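Quick notes on the structure that follows.
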Amino acid sequence: MEQPGTLSYSQSLNIKTWAEEDRPREKLLLKGKAALSDAELIAILIGSGTPKLTAVDVSKLILAAVGNDLNELAKLTVNDLKKHKGIGEAKAIAIVSALELGRRRKETATAAKTRITCSTDIYNYIKPQLLDLPHEEFWVILLNRANIVMKKESISIGGVAGTVADPKIIFKKALEQLASSIILVHNHPSGNIKPSGADIALTKKMKEAGQFLDLPILDHIIFTDDDYYSFADEGIL
């Protein structure tokens, strides 16, 4: 029998019974956002847990399932998150939305005039668009004569194994923007940076067409989350 004034097991798991400085929302107000752990920040997003798990407990389990790696968490879909106990559609959407806002913040930070001087510049510039994608996408980066980015354009979205890039569409977009040069980029979700035969053939075709139109292809980057392959660095362009 419980003694008067003691907390039951279920009550002790309720965030409302914690010391005020230990509740995620109150902790943020008292100590600032930097004082919160990843699990506590996610707990604020989902708001509540289960009858036996606090929101923080649920968040810790979600993080543990991805090795406590926020980059891996960002790859999860709404359906992936719904597999966790205590996470319904609304909570899953809240997590996905918050992570997407973080990705867009990084993109906005690089939206100022960007000058491309090397393959690493290309990789870092396009990373917000291609990081964590489970499918292939093909993008072009259009530059002016000073090698400053004028625009980046999505050309096509494919499946896990590949996507199609139509040279006519690529050059049409470049001519419409009065670009001086073009950079090609596509990702390999598998993590393999080695170019396929189709990648090499497309690059050669684009290079020849670019020379004819006075729109040189400066590089073709194969993007993966951890590394990249540059046709220019490898002497193929």
Side-chain angles (χ1 to χ4, degrees), residues 33-34 38 41 66-77 95-158 160 162-163 165 169-171 173-174 177-196 198-200 202-203 206-207 210 215-237:
K33 59 189 179 184
D38 293 343
L41 289 169
V66 292
N68 293 301
D69 187 336
L70 291 178
N71 289 319
E72 291 300 313
L73 181 62
K75 296 179 183 180
L76 300 185
T77 65
I95 295 171
V96 169
S97 298
L99 290 165
E100 174 62 12
L101 278 173
R103 185 194 67 79
R104 293 186 185 186
R105 182 191 175 191
K106 289 182 182 178
E107 180 180 350
T108 302
T110 61
K113 287 186 178 180
T114 301
R115 183 183 177 88
I116 301 297
T117 62
C118 61
S119 58
T120 302
D121 290 344
I122 303 169
Y123 180 76
N124 290 331
Y125 178 72
I126 203 69
K127 184 179 284 189
Q129 278 67 49
L130 298 180
L131 190 67
D132 302 329
L133 291 183
H135 58 269
E136 279 202 17
E137 293 193 7
F138 199 103
W139 287 69
V140 294
I141 300 171
L142 308 178
L143 307 177
N144 66 15
R145 292 194 179 277
N147 283 356
I148 292 174
V149 175
M150 300 173 65
K151 196 172 186 180
K152 56 179 177 282
E153 291 264 8
S154 173
I155 299 300
S156 62
I157 298 174
V160 174
T163 186
I169 294 176
I170 293 171
F171 283 110
K173 289 182 179 294
Q177 295 296 320
L178 299 179
S180 295
S181 56
I182 303 171
I183 293 170
L184 312 175
V185 187
H186 79 280
N187 64 315
H188 282 180
S190 66
N192 178 16
I193 64 170
K194 185 177 179 181
S196 66
D199 294 335
I200 295 171
L202 173 66
T203 305
M206 290 292 296
K207 178 182 177 180
L215 269 170
I217 305 300
L218 298 188
D219 205 345
H220 183 176
I221 296 290
I222 296 176
F223 178 102
T224 72
D225 287 356
D226 302 311
D227 202 359
Y228 67 91
Y229 179 96
S230 163
F231 279 75
D233 290 353
E234 297 298 325
I236 300 176
L237 271 172

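Since this is a predicted model, take the numbers as computed values, not measurements.
- Atom OH of residue Tyr125 and atom CH2 of residue Trp139 lie 9.0 Å apart, to the nearest 0.5 angstrom.
- We find that Lys75 and Asp225 are joined by a salt bridge, their nearest charged nitrogen and carboxylate oxygen being less than 4.0 Å apart.
- In this structure, CD1 on Ile222 lies 9.0 Å from CD on Glu136, to the nearest 0.5 angstrom.
- In this structure, Tyr229 has no side chain to side chain donor-acceptor pair (under 3.5 Å) partners at least two apart in sequence or on a different chain.
- Side chain to side chain, Ser196 and Asp199 meet the donor-acceptor criterion of an N or O pair below 3.5 Å.
- The distance from atom CG of Leu218 to atom NZ of Lys207, rounded to the nearest 0.5 Å, is 11.5 Å.
- Side-chain N or O atoms of Arg145 include none that pairs as donor or acceptor with a backbone N or O of Ser180 at under 3.5 Å.
- Residues His186 and Leu130 approach most closely at C-CD1, 4.5 Å, considering heavy atoms.
- Between atom CG of residue Asp132 and atom CG of residue Leu99 there is a gap of 9.0 Å, rounded to the nearest 0.5 Å.
- A side-chain donor-acceptor contact under 3.5 Å links Asn187 to the backbone of Glu137.
- Taking the six-membered ring for Trp, Tyr123 and Tyr228 have ring centres closer than 6.0 Å.
- Ser181 pairs by the side chain to side chain donor-acceptor pair (under 3.5 Å) definition with nothing, not counting sequence neighbours.
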Open item on the list: Pair His220, Thr203 - check side chain to side chain donor-acceptor pair (under 3.5 Å), show working.
Closed with: CA-CA 7 Å; His220 183 176; Thr203 305; 2.7 Å; yes
